[in-house]
Protein chains: 4
Amino acid sequence: MKEKDDKRARILDSALRVFADKGFFGAKVSDIAAEAGVADGTIYLYFKSKDDLLICLFEAQMTIITAELTSAMAGATDAPDKLRRFVRAYMKLVESNRRGAEVIAIELRQSAKFMKEYSNVRFTEFLKLTASVIDEGQRAGAFRADVPAPVAARALFGMLDELALMWVTARPGTAAKLDIARLPDWVTSIVLQGLERRTA
Amino acid sequence: MKEKDDKRARILDSALRVFADKGFFGAKVSDIAAEAGVADGTIYLYFKSKDDLLICLFEAQMTIITAELTSAMAGATDAPDKLRRFVRAYMKLVESNRRGAEVIAIELRQSAKFMKEYSNVRFTEFLKLTASVIDEGQRAGAFRADVPAPVAARALFGMLDELALMWVTARPGTAAKLDIARLPDWVTSIVLQGLERRTA
Amino acid sequence: MKEKDDKRARILDSALRVFADKGFFGAKVSDIAAEAGVADGTIYLYFKSKDDLLICLFEAQMTIITAELTSAMAGATDAPDKLRRFVRAYMKLVESNRRGAEVIAIELRQSAKFMKEYSNVRFTEFLKLTASVIDEGQRAGAFRADVPAPVAARALFGMLDELALMWVTARPGTAAKLDIARLPDWVTSIVLQGLERRTA
Amino acid sequence: MKEKDDKRARILDSALRVFADKGFFGAKVSDIAAEAGVADGTIYLYFKSKDDLLICLFEAQMTIITAELTSAMAGATDAPDKLRRFVRAYMKLVESNRRGAEVIAIELRQSAKFMKEYSNVRFTEFLKLTASVIDEGQRAGAFRADVPAPVAARALFGMLDELALMWVTARPGTAAKLDIARLPDWVTSIVLQGLERRTA
DNA sequence: CATGAATGAGACTTCATTCAT
DNA sequence: CATGAATGAAGTCTCATTCAT
């Protein structure tokens with residue numbers, strides 16, 4: 001059981017690297033197998049197809065992210081604090097798991113096409129988590145209530161995702177210029193101020 | 001000459017439809033040819049390759065978008081007004097050119113991979129346009145200056161792009177729930193407030 | 001048009017040879033392509049799949065056989081004479097088109113499995129043709145009427161097919177022993193006598 | 001020893017079911033293993049290969065058939081009576097062992113290809129048994145002697161096999177029409193009359 | 001003896017691209 | 001310029017067979 005899970009995890013990990021590196025369509029199953037040190041056919045003992053592999057990878061990543069974000073917000077006092085922690089944790093995740101962010105950011109889009117059937121449960125969960133924080137802030141009077149929480153959540157994700165992509169695809173030379181370390185603060189700041197409730 | 005341009009344009013237009021419908025990798029060159037009413041080989045008289053077709057399509061779309069946005073901002077009085085018009089024009093473009101938005105939003109990401117070489121001039125131009133508006137606002141004291149304009153521009157694009165994607169991929173039934181018509185206002189509002197300069 | 005048909009016919013002909021030689025499952029599409037002197041992909045311009053190739057081949061053969069048998073029976077005076085000509089023409093076809101007979105005899109069976117959906121129209125036609133001759137003889141009082149014509153037809157086909165197979169798979173050495181040339185006469189004789197109506 | 005034979009028999013029995021159901025090439029070794037309730041690898045402790053499994057299965061079936069037919073003919077008085085019993089016993093075997101008949105009827109043909117080396121001893125034995133009955137009748141003057149016994153035997157087998165196949169593959173609805181129960185009588189009658197010696 | 005996870009050769013099929021007409 | 005039949009490289013996936021446990 002342990003070994004089996006181990007091998008599955010190894011394949012998933014290799015897929016992450018290869019997908020991040022070459023994109024889903026550019027990646028060959030045999031590349032992933034080679035990276036994982038298993039035979040091509042072995043992939044199919046753990047995953048139904050290449051598509052399934054991507055979906056499972058995506059789900060695994062989203063599960064990690066959601067868990068991480070949830071735990072990051074655990075000790076927060078109020079909604080703005082939660083959001084602050086949320087954003088920081090998200091950017092930290094991107095930083096520590098560059099490839100994961102790449103796959104999420106890049107493949108999620110094209111997946112929208114071929115995963116038409118796939119309801120994308122995990123991503124929906126993630127958006128709900130985000131929306132719930134905003135909703136909480138709206139109810140508490142800390143956030144403006146004129147923008148629906150799901151829309152605000154989606155907008156927030158767009159920002160985070162795009163900035164993550166910017167960070168991830170930045171050429172080493174160019175990247176140096178913009179101070180990555182401060183990205184989380186900037187995002188937090190823009191978002192919090194953008195969502196802040198204005199007292200007449 | 002006119003006919004030549006006409007045929008090129010027709011192919012580009014067909015490519016837009018097919019790419020939006022099936023994604024870049026899911027689209028067959030022969031699908032595009034059929035859609036355009038030309039022979040498969042004809043595509044190669046106007047474009048070097050399928051990749052080239054995507055790049056040209058992308059550039060054409062970005063050119064349209066940039067032109068449209070520039071003209072939308074023409075009569076603006078100040079930076080916030082410019083930004084307001086910018087956002088509204090962007091969302092209107094998405095609304096009127098759903099397929100174009102789809103290709104930009106979805107294919108840009110995966111293209112990021114295989115277009116590694118492609119310097120993405122038009123997209124950079126677009127970001128510069130956005131950044132220049134923000135920069136202008138910062139210089140005029142209307143926008144906060146603690147966040148670098150390019151980062152803010154990128155964050156703004158992320159929001160717009162994600163919301164466009166939300167709109168574009170929304171299932172007819174679900175879409176009805178969130179009032180699409182008000183999206184531009186919400187985005188404008190969040191962004192303007194988020195970027196606003198706080199007086200002590 | 002002529003060339004197109006020509007190529008299709010060439011592929012069909014090669015398929016006949018290769019299927020007869022190696023069996024359907026033992027035959028590789030690339031074998032057939034090589035035999036036909038075309039690229040592998042070309043096969044798929046004319047046939048939907050390997051299965052489709054077999055079905056088309058089968059139909060083509062059955063069409064030829066049915067036509068040949070019909071014309072062979074054209075000048076017959078009565079049912080027994082028709083049947084005599086039928087049997088002789090069938091065995092002659094086997095003799096002159098050994099590979100065709102092989103494919104019919106051998107692949108028809110296993111096809112029964114994977115062609116479940118395929119209604120096998122041509123083969124049904126062939127059986128109907130056979131049955132109609134027997135039925136004619138029964139009505140005319142020349143053949144016994146206690147055995148239903150379709151059953152007798154099927155039995156007749158079984159004999160012809162099995163003897164064809166015997167002939168086709170006979171080792172050169174062994175084949176010499178049994179006088180192939182007389183097979184048609186033997187079959188005819190057995191069948192005609194077997195079906196003959198006994199006058200009280 | 002008993003258990004070993006038991007497991008071997010169970011595998012053989014499962015193979016019979018699976019081959020009959022899916023055909024030799026459509027059947028997976030793991031299907032057979034699952035059906036038999038053993039591990040995939042276990043198959044290879046009892047059989048050299050999938051091919052070997054088919055050959056053994058075929059031999060086992062032919063042994064059963066030959067034994068059954070021999071015993072059925074035991075109490076016969078003369079050759080025609082033997083043949084009558086032979087045919088009836090054969091059709092009864094088909095009726096009671098539908099799957100066995102299916103495998104024999106369908107797989108024997110395609111096997112003819114890949115079993116080129118396999119001398120098909122049991123089938124030859126079966127044919128010899130059949131031929132010996134006919135030969136006996138010919139010597140006794142009951143059967144016509146102008147057709148060589150081996151040819152007549154082969155023709156008889158063709159009839160039996162084809163009618164068995166008709167019965168086996170008959171769609172439930174269609175099957176009702178032709179009175180299966182009377183098939184043995186029809187066959188017997190045709191054959192006996194067909195082989196009967198005509199007194200000038 | 002039994003297991004069943006792993007292997008890896010190889011098949012079918014697709015489709016971007018070419019080039020003779 | 002236009003055509004579209006032909007190409008053939010390359011990828012996904014299957015499955016008979018093995019072997020360490």
Side-chain angles (χ1 to χ4, degrees), chain A residues 1 3-4 6-8 11 25-34 36-53, chain B residues 1 3-4 7-8 11 24-34 36-53, chain C residues 1 3-4 6-8 11 25-34 36-53, chain D residues 1 3-4 7-8 11 24-34 36-53:
Chain A
M1 173 94 94
E3 281 200 11
K4 186 177 172 180
D6 177 56
K7 191 159 289 186
R8 200 190 125 99
I11 293 171
F25 289 100
K28 285 175 283 181
V29 171
S30 61
D31 291 339
I32 298 169
V38 299
D40 292 18
T42 305
I43 303 274
Y44 293 87
L45 294 178
Y46 296 90
F47 303 93
K48 280 200 295 290
S49 65
K50 193 187 172 188
D51 285 15
D52 184 47
L53 186 48
Chain B
M1 174 92 92
E3 279 198 13
K4 181 178 171 176
K7 192 162 286 187
R8 201 189 124 98
I11 292 171
F24 178 73
F25 289 102
K28 286 178 275 185
V29 171
S30 62
D31 290 340
I32 297 168
V38 299
D40 293 15
T42 305
I43 302 272
Y44 291 85
L45 296 175
Y46 296 89
F47 303 93
K48 279 200 299 289
S49 66
K50 191 186 174 188
D51 286 14
D52 183 47
L53 186 49
Chain C
M1 172 95 94
E3 281 199 11
K4 186 178 170 179
D6 177 56
K7 190 159 289 186
R8 199 190 124 99
I11 293 171
F25 289 101
K28 285 176 282 181
V29 171
S30 60
D31 291 340
I32 298 169
V38 299
D40 292 17
T42 305
I43 303 274
Y44 293 87
L45 295 177
Y46 296 90
F47 302 94
K48 280 199 297 290
S49 64
K50 192 187 173 189
D51 285 16
D52 184 48
L53 186 49
Chain D
M1 174 91 95
E3 279 197 12
K4 181 177 170 177
K7 192 162 285 187
R8 200 189 124 97
I11 293 171
F24 178 73
F25 289 102
K28 286 178 275 184
V29 171
S30 62
D31 291 340
I32 297 168
V38 299
D40 293 17
T42 305
I43 303 271
Y44 291 85
L45 297 174
Y46 295 89
F47 302 94
K48 279 201 299 289
S49 66
K50 191 185 174 190
D51 286 14
D52 183 48
L53 187 49

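Chain identifiers are assigned alphabetically (A, B, ...) following the order of the sequence lines, protein sequences preceding nucleic acid strands; residue numbering begins at 1 within each chain.
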Handout entry: Bracket string, DNA chain E, 5' to 3' - pairs by Watson-Crick or G-U geometry under 3.5 Å, | interstrand
Key = .||||||||||||||||||||
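Considering every non-hydrogen atom in both Arg8(A) and Phe47(A), the closest pair reads NH1-CE2, 3.6 Å. The shortest non-hydrogen separation linking Tyr46(A) to Ile11(A) is CD1-CD1, 3.8 Å. For Tyr44(A) against Val29(A), the heavy-atom pair with the smallest separation is OH-CG2, 3.6 Å.
Rounding to whole angstrom units, CG of residue Leu53(A) and P of dC13(F) are separated by 10 Å. When the C1' atom of dT3(F) is taken as reference, atom CD1 of Ile11(B) falls 13 Å away, rounded to whole Å. Between Asp31(A) atom CG and dA10(F) atom C1' there is a gap of 12 Å when expressed in whole angstrom units. For the pair Ile43(C) CD1 and dG8(F) P, the computed distance is 13 Å after rounding to whole Å. Atom NZ in Lys7(D) sits about 9 Å away from atom P in dC1(E), given to the nearest Å. Atom pair Ile32(A):CD1 and dC13(F):C1' shows a separation of 13 Å (rounding to whole Å applied).
With sequence neighbours excluded, no residue forms a side chain to side chain donor-acceptor pair (under 3.5 Å) with Asp40(D).
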Fill in the blank from the handout: Quick tally for nucleotides 13-21 of chain E: nucleotides whose base has a protein heavy atom under 4.0 Å get B, sugar-phosphate-only ones S, the rest -, giving BBSSBB---
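Between Leu53(D) atom CG and Ile43(D) atom CD1 the span is 6.0 Å, to the nearest 0.5 Å.
Using modelled atom types, no side-chain atom of Lys7(A) and backbone atom of Ala36(A) make a donor-acceptor pair closer than 3.5 Å.
Under 4.0 angstrom from either OP1 or OP2 of dA2(E) there lies at least one side-chain N or O belonging to Tyr46(D).
dT21(F) and dC1(E) are spaced 22 Å apart, taking the P atom of each and rounding to whole Å.
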